[in-house]
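Comments concern the structure below.
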There are 2 protein chains.
Amino acid sequence: MSARRDEPAANAPELRERVLDAFRDLLRERTFESLSVAEIIAAAGVSRASFYFYFAGKQAALAELVRRAVGAGHQAAQPWTEPGTAAPVDPRAALRAGIDAGATLWLDNAGVLRAIVESWGSDPQLRELWLGQMATFTAAAAERIQADPEAMRRLAGTDVTAVAASLTWLGERLYYLAACGVPPFDDRAVLVDTLHHVWISTLYPGG
Amino acid sequence: MSARRDEPAANAPELRERVLDAFRDLLRERTFESLSVAEIIAAAGVSRASFYFYFAGKQAALAELVRRAVGAGHQAAQPWTEPGTAAPVDPRAALRAGIDAGATLWLDNAGVLRAIVESWGSDPQLRELWLGQMATFTAAAAERIQADPEAMRRLAGTDVTAVAASLTWLGERLYYLAACGVPPFDDRAVLVDTLHHVWISTLYPGG
DNA sequence: GCGATGACCATACATAGTGTTCAGTCATGA
DNA sequence: TCATGACTGAACACTATGTATGGTCATCGC
C-alpha cells in the first residue's frame with residue numbers, strides 16, 4: 001500500500017525522527033514553552049503539515065521524547081531496585097550506584113526532562129505520563145524497602161509508600177535543579193552525596 | 001494631585017486590588033497558563049487598559065500575589081527557625097509545628113503557590129522570586145541546624161547547606177503535590193507525618 | 001511507458017491570545 | 001466653568017496554533 005524506498009518493514013517514518021531529533025536538540029538550550037512549532041519544523045527541515053501529521057502538537061512530541069528517555073531510566077535504577085542476581089550487595093553501595101545512574105540519565109536528557117517537569121502541571125497527557133513514571137519508581141522503591149528487614153525495622157509505624165514517594169520526588173526535584181544549574185546541585189558530587197545522604201538517613205539511620 | 005475620595009493616604013489603588021482578588025479566586029480552580037488576561041479582567045470588572053496600567057502582564061500580577069502569600073510564610077516557619085525566646089523547646093516538636101504551619105499556608109494559598117511552582121521555570125522574574133524564597137528558607141534552616149550540636153554531630157563531614165536545601169525543596173515538592181491533590185499527599189496527616197519523618201531522620205537520627 | 005498512489009511541501013486561513021494606542025467619559029477640585 | 005486624572009471601549013499589530021487546499025515528485029502495478 002505504501003511506497004517505501006528503504007528498509008523492508010517496521011521503518012519509523014524518517015520525518016518523524018527528524019522532528020524528534022531537532023526538538024531534543026532545541027530543548028537543550030531553549031525552554032519548552034518558548035519554543036514554537038515554527039522553530040521546531042524549521043530546525044527539522046520539515047513542513048508544518050508534516051509535523052501535524054505525525055504529532056497532535058508540541059506536547060505530543062515531548063511526550064514521545066520523554067517516553068524514550070525514561071525507558072532507559074528504568075534500567076538505570078535497577079542496581080538498587082532489583083537486588084543483585086547472586087552476590088548480596090551492600091544496599092548502601094547499590095543505592096549510590098542507582099542515584100549516580102540517575103544523575104547520568106538526567107544530565108544526558110536534561111532538556112527533555114526539564115521540559116516535562118515544567119509542563120506536566122498544565123497538560124493532562126503529560127501529567128499522566130509523569131505521575132505514572134513517579135508512581136512506578138515509588139512502587140519499585142517501596143518494594144525494595146519492604147524486602148529489607150533493617151529498613152523495615154526503622155520505618156515501623158510509618159507509611160512506607162509515602163516515604164518511598166517522598167524520596168522519589170526528592171530525587172526528581174534535585175535532579176531537576178541540577179539540570180537547571182541551580183546551586184548547590186549544579187555540582188554533581190554535591191547532588192549525589194546529598195541525595196544519597198538523605199536516602200540513607202531515612203532508610204538505614206543506624207549507620 | 002490625584003482625586004481621592006476615601007482614606008487620606010497610602011491607599012493602594014482600588015482597581016489594582018480588584019484585579020488581584022479576582023486573579024487569586026480564579027487560580028483556585030484554573031491553571032495559571034490556561035487563564036487569559038481577558039478572563040481575569042472580566043472577573044475583576046476592569047478594563048484591559050487598566051490591567052496593563054497596573055501590571056506588566058499576567059506574570060507580574062502573579063508575582064505580586066506570591067510576594068504577599070510568602071510574606072506570611074516567613075512567620076509560619078518561625079517556631080522552628082527562631083528557637084523560642086525563653087523556654088528551650090524540643091526541636092522535634094518545634095519542627096513539626098513549623099511543618100504544620102507550612103501546610104496551612106499552602107492550603108490557604110494553594111492556587112497562587114501552585115501557579116508559581118508551575119511557572120518559575122519559564123519566566124525570569126518568577127524564577128528569581130521563587131529561587132530567592134527557597135534560598136531564604138534554606139538559609140534559615142541551615143542556620144538553625146548549625147546552632148544545634150546534636151544535629152551537627154550527625155551531619156559531620158557533609159555539606160550542611162546542601163542538606164538544608166534538599167529538605168527545603170522536599171517541602172516545596174510535597175506541599176505542591178498536596179495542593180494538586182496527588183496521593184498520598186492529598187491526605188494532610190500523611191503529608192505532615194512523612195515530611196516530619198524525613199526531616200527528623202536526616203537531622204536527628206538518634207531517635 | 002502510464003496512470004494511480006501516497007509522502008511531502010508551500011501557502012493560506014480561521015481562531016485566539018498579547019500588549020499598545022487612542023479617543024472619549026466622568027467625577028472631582030480649583 | 002474648566003482642567004485634571006482615573007478609567008473605559010474599541011481598534012490595532014503581532015505572534016502562535018491548528019487545519020485545509022492544491023500541487024510536486026518518486027515509486028509501484030500494469
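Basis for what follows: all heavy atoms, side chains included, without hydrogens, waters or symmetry-related copies. Every chain is numbered from 1, with letters handed out A, B, ... down the list of sequences.
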Nucleotide D/dG18, atom P - distance to CD1 of A/Ile41 in whole Å:
12 Å

Could you go through the side chain to side chain donor-acceptor pair (under 3.5 Å) check for B/Ser201 and B/Arg154 one step at a time?
CA-CA 10 Å; B/Ser201 300; B/Arg154 165 64 187 178; over 6 Å; no

Under-4.0 Å salt bridge between B/Asp21 and B/Arg18:
no

Quick check: do A/Ser166 and B/Phe185 have side-chain heavy atoms less than 4.5 Å from each other?
yes

Rounded to the nearest Å, what distance is computed from the CG atom of residue A/Leu15 to the P atom of nucleotide D/dA26?
15 Å

Would you call the rings of A/Trp106 and A/Tyr175 parallel, tilted or perpendicular, taking 30° and 60° as the class edges?
parallel

Can you pull every protein N or O that's under 3.5 Å from an N or O on nucleotides 18-25 of chain C?
| from | atom 1 | to | atom 2 | distance (Å) |
| --- | --- | --- | --- | --- |
| C/dT18 | OP1 | B/Val37 | N | 3.3 |
| C/dT18 | OP2 | B/Val37 | N | 3.3 |
| C/dG19 | OP2 | B/Tyr52 | OH | 2.8 |
| C/dG19 | N7 | B/Arg48 | NE | 3.2 |
| C/dG19 | N7 | B/Arg48 | NH2 | 2.9 |

Could you tell me the separation between the CZ atom of A/Phe55 and the P atom of D/dG18, rounded to a whole number of Å?
14 Å

Can you tell me how far C1' of C/dC9 sits from CZ of A/Phe53, to the nearest Å?
14 Å

Can we say A/Asp25 and A/Arg28 salt-bridge, meaning some charged N sits less than 4.0 Å from an Asp/Glu carboxylate O?
yes

What distance do B/Leu174 atom CG and A/Arg173 atom CZ have between them, rounded to the nearest 0.5 Å?
11.0 Å

If only side-chain N and O atoms of A/Ser47 are considered, is one of them under 4.0 Å from the OP1 or OP2 phosphate oxygen of C/dA10?
no

